[in-house]
Asks: 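Sharing a structure below in structure tokens format, with a few things to ask.
Residue numbers start from 1 in every chain, and the chains themselves are labelled A, B, ... in the order their sequence lines are given, proteins ahead of strands. Model, not experiment: these values are computed from the prediction.
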Amino acid sequence: MQTRRSAKPKASAANITSIAQNIQITSSKKRKLTPDVPEIAKPTSKKPTINESNTNSSNNSDHAFWLMKAEPETRFEKGKDVKFSIRDLQEMNMSCWDGVRNYEARNNMRKMKVGDICFFYHSNCKTPGIAGTMKVCKEAYPDFTAWDPEHPYYDPKSDKDDPRWFMVDVQFDSIFDRIISLKELQQCPELEEMQLIKRGRLSIQPVTTKEFDFIKSLVE
DNA sequence: GCCAACGTTGGC
DNA sequence: GCCAACGTTGGC
């Protein structure tokens, strides 16, 4: 039986290669890929669109904001360390964000656009909280780790012709001088409605512009 | 399509 | 390591 888990990008050289391959493929193949990929969005979860959820904004920027969780401390799953921290991303500069195995989180990832800004959240660790920011640099494409039986996030039900799970690529943007802890965030009346506070278990979630600006103000 | 049983998330 | 909250599965 497995222990617990959330989504975590894999910091391996293999991934970097895959990203490079995907980037190469993108121009010729991506356009083709999209129509082939069935929309498997959960019919029951009628989520607001990005525009609805992320637009109560004071500025004119046309990108959306998100929060993504990963585990910064070593933990072995199927014999592999699933640790991934903001420092790991900083060292790699760019990484795919694999391992998301929840439909709502996946659907949120599929709404992401290049240039969207994401908080990097450290979870299941000593001080859970927001550690920095990153940018979406490649929009959703099939999560190939779901097809690898050796991979901790293998899912035999994900078919190559009908992929069930998706990932985006992210690029390091900034690391905060301090972790903005969950404890601190929970105490801010401004963040009462934030998904992170209200829905602890969702690993990929939208952040409103107001929430984003407020949280940024805590570190500046 | 209900809902009980089961599995996972993730703070503590 | 515990366990509450909640997501998923599968029998009916």
Side-chain angles (χ1 to χ4, degrees), chain A residues 1-11 38-48 53 66-89 96-111 118-134 140 142-143 145-159 162-168 170 176 178-207 211 215 218:
Chain A
M1 191 197 305
Q2 291 195 340
T3 38
R4 66 305 256 337
R5 220 8 5 106
S6 80
K8 96 222 356 80
K10 210 35 199 237
E39 177 62 45
I40 0 180
K42 264 243 162 119
T44 45
S45 61
K46 253 274 173 176
K47 288 290 127 194
S53 64
W66 307 92
L67 179 145
M68 306 174 82
K69 299 180 184 177
E71 296 182 54
E73 293 174 4
T74 288
R75 189 177 61 80
F76 286 92
E77 188 141 335
K78 280 208 204 162
K80 291 184 182 166
D81 189 359
V82 295
K83 160 186 187 292
F84 192 71
S85 70
I86 184 105
R87 294 223 174 267
D88 294 326
L89 179 62
C96 56
W97 199 275
D98 65 338
V100 173
R101 297 292 182 268
N102 168 280
Y103 290 106
E104 190 172 353
R106 177 204 67 183
N107 293 346
N108 283 332
M109 255 195 325
R110 294 182 73 179
K111 294 176 191 166
C118 309
F119 284 131
F120 194 125
Y121 182 87
H122 283 177
S123 78
N124 199 28
C125 58
K126 193 159 182 241
T127 308
I130 298 174
T133 60
M134 56 201 166
D143 182 342
T145 67
W147 302 325
D148 175 5
E150 300 302 307
H151 197 278
Y153 303 123
Y154 174 59
D155 179 4
K157 292 179 189 160
S158 182
D159 195 299
D162 184 14
R164 174 176 298 207
W165 304 115
F166 289 77
M167 56 185 168
V168 296
V170 292
F176 294 159
R178 63 184 183 89
I179 300 275
I180 312 175
S181 69
L182 176 62
K183 204 165 256 175
E184 178 176 354
L185 296 168
Q186 283 168 334
Q187 286 164 3
C188 297
E190 293 88 346
L191 301 177
E192 262 174 10
E193 296 302 310
M194 191 175 181
Q195 298 269 80
L196 183 70
I197 309 303
K198 296 182 82 171
R199 313 212 21 217
R201 295 185 51 181
L202 187 59
S203 65
I204 309 280
Q205 49 182 258
V207 174
E211 288 161 354
I215 291 167
L218 296 176

Asks: Taking atom C1' of C:dC6 as reference, at what distance in whole Å does atom CZ of A:Arg101 sit?
Replies: 20 Å
Asks: To the nearest Å, give me how far apart OH (A:Tyr121) and P (B:dG10) are.
Replies: 8 Å
Asks: To the nearest Å, give me how far apart CD1 (A:Ile204) and C1' (C:dG7) are.
Replies: 16 Å
Asks: Contact class for A:Lys157 vs. all strands (heavy atom < 4.0 Å): base, sugar-phosphate, or nothing?
Replies: sugar-phosphate
Asks: Side chains of A:Asp148 and A:Thr145: is there a donor and an acceptor less than 3.5 Å apart?
Replies: no
Asks: Could you tell me the separation between the CZ atom of A:Arg201 and the C1' atom of C:dC6, rounded to a whole number of Å?
Replies: 5 Å
Asks: Would you give the length of the straight line joining atom CG of A:Asp81 to atom CD of A:Glu71, rounded to the nearest 0.5 angstrom?
Replies: 9.5 Å
Asks: In whole angstrom, give the distance that lies between atom CH2 of A:Trp165 and atom C1' of C:dT8.
Replies: 10 Å
Asks: Angle class for the A:Tyr153/A:His151 ring planes (parallel below 30°, perpendicular above 60°, tilted otherwise)?
Replies: tilted
Asks: Out of C:dT8, B:dT8, B:dG10, which has the shortest distance to the side chain of A:Lys69?
Replies: B:dG10
Asks: When you get a sec, tell me which of C:dG7, C:dT8, B:dC12 is the closest nucleotide to the side chain of A:Tyr103?
Replies: C:dT8
Asks: Send over the distance from A:Arg75 CZ to B:dG10 P, rounded to a whole Å.
Replies: 10 Å
Asks: Out of C:dC6, C:dT8, B:dG10, which nucleotide sits closest to the side chain of A:Ser123?
Replies: B:dG10
Asks: Among the candidates C:dA5, C:dT8, B:dG11, find the nucleotide nearest to the side-chain atoms of A:Asn124.
Replies: B:dG11
Asks: Would you say the rings of A:Tyr103 and A:Trp165 are close, in the sense that their centroids are separated by under 6.0 Å?
Replies: yes
Asks: Can you measure A:Lys78 atom NZ to B:dT8 atom C1' for me and round it to whole angstrom units?
Replies: 15 Å
Asks: Rounded to whole Å, how long is the line connecting atom CD of A:Gln186 with atom C1' of B:dG10?
Replies: 12 Å
